[in-house]
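The structure under discussion appears below in the form of structure tokens.
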There are 2 protein chains.
Amino acid sequence: MDQALRDRWLAHARRRMSGAGLRTGAARARVVAFMAEEGQCLVGAQEIVDGLRERGGGGAQASVYRVLDELHGLGLVRRSVDDQGAARYEIHDDDHHHHHFVDDATGAVTAFEDAALEDALAEAAERLGVELSGHEIVLRGRKVPRGAPAGD
Amino acid sequence: MDQALRDRWLAHARRRMSGAGLRTGAARARVVAFMAEEGQCLVGAQEIVDGLRERGGGGAQASVYRVLDELHGLGLVRRSVDDQGAARYEIHDDDHHHHHFVDDATGAVTAFEDAALEDALAEAAERLGVELSGHEIVLRGRKVPRGAPAGD
DNA sequence: TTAGATGCAAAGCTTTTGCAGGATA
DNA sequence: TATCCTGCAAAAGCTTTGCATCTAA
């Protein structure tokens, strides 16, 4: 967990939420705190509900979903959907745009950043004649042990 | 609709399915025919069910979902999930790997191919130390009218 | 004090499953 | 004819909604 990112996002989120006139209710505060720590890369909505329950105090399922939807509306989190159609969220930070790699063997999701890929994307968008407001990339495959050639 | 693609995929699908020992039942045949024509770019599972109903004869919802799952298992279709978590399918063709652009204004999805982007992806994968089995790219934004500068 | 937030329970959607009847090879 | 396929209906899983209660400002 990146603590600097956590604190930066937390401050940003609080500012933005109070700016939007939202009050500091119990459920809202718990979800925000949880996302700051556990939501730096995609977490399932259900995992968030369960995670909060484990932390004690909980927060009703409906409230968690409502807060997540709110955060998404404010641009504080990014939302995606897993292969089974379940919602997943991660905090959104302008300085930390990342993409995802899914390990075929384990299904584990890891984040990565790649400036050259971003550039290629921008160029492709230009060729396409579109002005980008966002983009998502998901790579699937297996990790190659260091030093080993890519081929089997 | 690309008729050459339709026929090529149809032939490929039939070969592959009979090779897998699958029989030519009514529901299966209808779904395959539908996908060959209407599934060249992402279509929702529900749209497929409705589309078949409109074509007459229908095919039970359960059967459609079962066939789509089968096709996916055989590698004949690609599966993704929309923002609401509903499944979408499109036929898979080795010669026609494409990505998707979603128009912010209309939500319309269009397909595009970009060789340079594929190369950049392959290079990024190498930097990451992974061997790719697949990848997905989704661009979001708005189309820029020809001749107009990208900036507003 | 009052608009807003929360929790519970019920409803909604998409997708999956169980099973009896029907079709294919 | 035996196996596989299909359709119906019911179940399952995730998410949203309605409503009464509680709370932050």
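Note: hydrogens, waters and symmetry copies are ignored here, and every other heavy atom, side chains too, is used. Residue numbers begin at 1 in each chain, while the letters A, B, ... track the order of the sequences.
The distance between atom CZ of R79(B) and atom P of dT14(C), rounded to the nearest whole Å, is 14 Å. Atom C1' of nucleotide dC8(D) and atom CZ of R53(B) are separated by 12 Å, given to the nearest angstrom. Rounded to whole angstrom, the span from the CD1 atom of I48(A) across to the P atom of dC14(D) amounts to 14 Å. Going from atom CD of E70(B) over to atom P of dT15(C) covers 17 Å, rounded to whole Å. If you take CZ of R28(A) and P of dT6(C), they are 5 Å apart, rounded to a whole angstrom. In this structure, the CG atom of L68(A) is 15 Å from the P atom of dT17(D), given to the nearest Å. In this structure, R66(A) atom CZ and dC14(D) atom P are separated by 19 Å, rounded to whole Å. Whole-Å rounding puts the Q46(B) CD to dG12(C) C1' distance at 13 Å.
With respect to the salt-bridge test (charged N to carboxylate O, under 4.0 angstrom), the residues R28(A) and E70(A) qualify. The residues R55(A) and E37(A) are annotated as salt-bridged, a charged nitrogen and a carboxylate oxygen being separated by less than 4.0 angstrom.
In this structure, of dG7(D), dT17(C), dT15(C), it is dT17(C) that holds the atom nearest to the side chain of A62(B). Of the candidate nucleotides dG7(D), dC8(C), dT15(C), dG7(D) has the atom nearest to the side chain of S63(B). Taking only side-chain atoms of A27(A), from C-beta outward, the nucleotide of dT17(D), dG7(C), dC14(D) with the closest atom is dG7(C).
Proximity of a side-chain donor or acceptor of R16(A) to a complementary backbone N or O of L74(A) within less than 3.5 Å is detected.
For G25(A) and R88(B), each mapped to the nucleotide of DNA chain C holding its nearest heavy atom, the one lying further toward the 5' end belongs to G25(A). Between G85(B) and G59(A), the residue whose closest nucleotide on DNA chain C is further toward the 5' end is G59(A).
At a cut-off of 3.5 angstrom, counting only N and O atoms as typed in the model, there is a donor on one side and an acceptor on the other between the side-chain of R23(B) and the base of dT3(D).
Between the side chains of H135(A) and E118(A), at least one donor N or O lies within less than 3.5 Å of an accepting N or O.
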task: Dump the intermediate steps for ring pair (Phe, Tyr, Trp, His ring centres under 6.0 Å) on H96(A) and H98(A), then the final yes or no.
output: CA-CA 6 Å; H96(A) 250 74; H98(A) 68 240; 7.6 Å; no

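Contact annotation for Q61(A): base contact, defined as any heavy-atom pair under 4.0 Å involving a base atom.
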